[in-house]
There are 2 protein chains.
Amino acid sequence: MAKSSSSKSKSGDTAVSIKDIARAAGVSHSTVSRALRDSPLISPQTRARIRALAEEMGYTPDAIAQSLQAGRTFTVGVVVTSIADPFFADVVDGVESVARPAGLSVFLNASLNDPDQELLVIETFHRRRVDGIILAASRIGTEHVERLAKIRVPIVQVSNQAESDRDFLHSVAVDDRAGARLAVEHLIALGHRHIGYIGVTNRPRSNRRRLLGYQEALRAAGIEPREKWVRTAQLHGVAPEGDVQAGQMLLPTLWEAGITAVFCYNDMVAIGALLACRERAIPVPEACSVVGFDNIALTRYVFPPLTTVHQPKRTMGQIGMKMLLELVEGREVSPKHRVLPPELIVRGSTAPPGR
Amino acid sequence: MAKSSSSKSKSGDTAVSIKDIARAAGVSHSTVSRALRDSPLISPQTRARIRALAEEMGYTPDAIAQSLQAGRTFTVGVVVTSIADPFFADVVDGVESVARPAGLSVFLNASLNDPDQELLVIETFHRRRVDGIILAASRIGTEHVERLAKIRVPIVQVSNQAESDRDFLHSVAVDDRAGARLAVEHLIALGHRHIGYIGVTNRPRSNRRRLLGYQEALRAAGIEPREKWVRTAQLHGVAPEGDVQAGQMLLPTLWEAGITAVFCYNDMVAIGALLACRERAIPVPEACSVVGFDNIALTRYVFPPLTTVHQPKRTMGQIGMKMLLELVEGREVSPKHRVLPPELIVRGSTAPPGR
DNA sequence: GAGCGTACTGCACACGTGTGCAACCATTAT
DNA sequence: ATAATGGTTGCACACGTGTGCAGTACGCTC
């Protein structure tokens, strides 16, 4: 049996098609197609016979041909800035965990945080006729969004970084302002009055919102924000490398400006701040409290464990993919923009001021 | 101009095809096809006219139809155990960095470290007629490898975990034994004589090889390995979560067995060991040295920074993808199995014994 | 002006799958 | 015995692209 099947499959270099099965069974390829798709038009006997034959000949349906005829490919494209970024690794993991059981395969590509590259990748997805696209941390601004509109494909953005609320775009993101407020209110509750913020420029939207939340929390507590408490790193590349350096380089100036606590754009920046404190022998959290954002796995393993604002990264990927599934099926999705609540995670890097 | 093009593209819900262009230009679709592919058969004037028309109508070639006719899809499939695992994130990043410029799109799927799931994903890739497959940390053993052989697709394994050196399989991996020896020799050179090993069961091949290198290094220094110095965690799920717990739970028994240093299967296990030491107030590295494996980004940010064995993860992904490119083009690749040298990275978690 | 060559274009088929419609066969009812 | 009915099956086309081959038109040469 194994011998006969192997000798049969060896007959051609290309895979067996329904035509091959049809020839072997002495029927037309239409009959084979219907038999394999459980059409009621086919008699049970021939169906069984053909299915057995297909099994024996090692038939695997050609998804390319099926896509061409059906007008759907059952694929989605995902664009991230960097695959190695732990934030997006979690998001993609969530996306994949929903897409795979739904029968959709996912194309993954990196944009390297470059809008031109991002458009190029999207163009490739369009050529491949993906059924939908997920853009993570998209930099596509108002100037290029028209090109997206021409592609008649559902698009869901996750943590998008450009301000262009066009009607055909859907999105899921965490409430950055609320998250920042949580972090800063926590520090204020501990007794801090001199609180800094370390930001970045290459994720403009979330950075601005977190800065806004930071300022709101200060004002709500009767503290007037000071310019010298805020430092922003000019970054252009992809995330993980530069972020740590940013925190490491910018903390000292804030420290000299008299802060007793610092809220950082994200966890990697906070790690950099932690390293800077260690270099300068500033005890954390005794002399300086540090708060991050994102709650990546790393935060549990550094010392002291990092107090941070949790983003449900995997869940965001799952929700985004579920929204996309709905859109692909032609259903309306509402609300078009999902904003998830952040959550404060208190660990060891924050304490009352001790200066 | 923008108006005319939008009105034209609005005419149908489906994308414009070369037939639409042909109709608009008053030629046959063959002429359009040739014009767009720069065939010398087409006169420069008609070529220019057709290209302009295609541009104006917003034509994007249908990769599905091209794949069907060409018999190639210009796609590759990548299977990893978990996308969220930082090790594979780096590998996939390397794969993608080679595939994208080469015009190949990559399908990414998770196997969750389950051989059945892995075969299922491979089956999907086969249905989609990918040109090649990359298997990371594959668990496909000798029993299932025959099913792979029937798929006439080039396969490259990265850090494969099953022993089945079949002729059609290519691979790239780091030299686990040499890496383990580097780590243990480093500890011995520091003066340690009581050295433990914490292993895992769900990555059997590399675990066995690292254990072997550990034992070899001990014997080469005249130290007889003791059974109580070796502990192995029974794990089944995906990596990042369990590994830390494994290190955390197994270090104490080794400590009580009198070790002054421990070599861990990988960095996450080592992090767990670090956490256990902190819980028990065992100073690292003064009382207990800790060495990891992989050199993931995390190791630079924990305290103390982790001494570890570097694996060129991104490079491994790139080399694997380059091998696959060669195979896809029909060229022979030699050697079939690339074994890369590891590198010892000395940081702050190792020091002379102080007990 | 006939013959020839060159430059260009269209016809028809291929790739693998799915499906509307017609045709066939067998069984049953009249 | 003939017609009607219902159950199966095949023909032919579609999806979008690429290409071998035949065919057309034109210009050149003898």
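We name chains A, B, ... by the order of the sequence lines, and we start the count at 1 in each one. Note that the structure is predicted; figures quoted are calculated from it, not measured.
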Strand contacts (DNA chain C) in residues 65-76 of chain B, 4.0 angstrom heavy-atom criterion: B:L68, B:Q69

Counting only heavy atoms and a strict 4.0 angstrom limit, can you tell me which residues of residues 26-40 of chain A come near DNA chain C? A:H29, A:S30, A:S33, A:R34, A:R37

Hey, mind stepping through B:V156 and B:I319 against side chain to side chain contact (heavy atoms under 4.5 Å, CB included) and telling me if it holds? CA-CA 10 Å; B:V156 174; B:I319 290 179; over 6 Å; no

Contact state string [nucleotides 23-28 of chain D, B base, S sugar-phosphate only, - no protein heavy atom under 4.0 Å]: ------

To the nearest 10°, give me the bend of the helix from C:dG1-D:dC30 to C:dT30-D:dA1, comparing the axes of its five terminal pairs at either end. 70°

Answer yes when B:R47 and B:D38 have at least one side-chain N-carboxylate O distance shorter than 4.0 Å, and no when they do not. yes

Heavy-atom side-chain proximity of A:I83 to B:D90 below 4.5 angstrom: no

Less than 4.5 Å apart, any side-chain heavy atom of B:S159 and any of B:F87? yes

For the atom pair CD1 (A:I140) and CD1 (A:I155), what is the distance rounded to the nearest 0.5 Å? 8.5 Å

CZ on B:R37 to CD1 on B:I18, rounded to 0.5 Å: 10.0 Å

Heavy atoms, side chains only, cut-off 4.5 Å: are A:V78 and A:N109 in contact? no

By salt bridge (Lys or Arg N to Asp or Glu O under 4.0 Å), B:R34 pairs with (sequence neighbours left out) none

Could you work out, with salt bridge (Lys or Arg N to Asp or Glu O under 4.0 Å) as the rule, every residue matching B:R100, not counting sequence neighbours? B:E96

Applying side-chain hydrogen bond (donor to acceptor under 3.5 Å, both in side chains) as the test, list every pair that has at least one member in residues 116-125 of chain B; sequence neighbours left out. B:E118-B:S138

B:I151 vs B:I122 side-chain heavy atoms within contact, under 4.5 Å: yes

Which of residues 122-133 of chain B sit near DNA chain C, with a heavy atom under 4.0 Å from it? none

For A:L41 and for A:T60, find the nucleotide of DNA chain C with the closest heavy atom, then tell me which residue's nucleotide is more 5'. A:T60

Residue pair B:N113 / B:R139, side-chain heavy-atom distance below 4.5 Å: yes

Using a 6.0 Å cut-off, check whether atom CD of A:E329 has over 12 heavy atoms from anything other than its own residue. yes

Is any side-chain heavy atom of B:F107 closer than 4.5 Å to one of B:T75? yes

Could you tell me which residues satisfy salt bridge (Lys or Arg N to Asp or Glu O under 4.0 Å) with A:R128, sequence neighbours excluded, listed by chain and number? none

Applying salt bridge (Lys or Arg N to Asp or Glu O under 4.0 Å), name anything that partners A:R314, two or more places apart in sequence or on another chain. A:D93

Taking atom CZ of A:R72 as the centre, does the number of heavy atoms from other residues, nucleotides or ligands within less than 6.0 Å exceed 12? yes

Any residue of residues 44-52 of chain B with a heavy atom less than 4.0 Å from an atom of DNA chain C: B:P44, B:T46

Apply the test side-chain hydrogen bond (donor to acceptor under 3.5 Å, both in side chains) to residues B:S30 and B:S33: give CA-CA distance (whole Å), side-chain angles for both, the deciding distance (0.1 Å), then the verdict. CA-CA 5 Å; B:S30 325; B:S33 173; over 6 Å; no

Can you find a pair of side-chain heavy atoms, one from B:R49 and one from B:Q45, that are under 4.5 Å apart? no

Taking any atom closer than 4.0 angstrom to a non-hydrogen atom of chain A, what span of DNA chain C does the protein reach, first nucleotide to last? C:dG16 to C:dG20

Kindly indicate whether the side chain of B:L324, heavy atoms from C-beta on, has any atom under 4.5 Å from the side chain of B:I134. yes

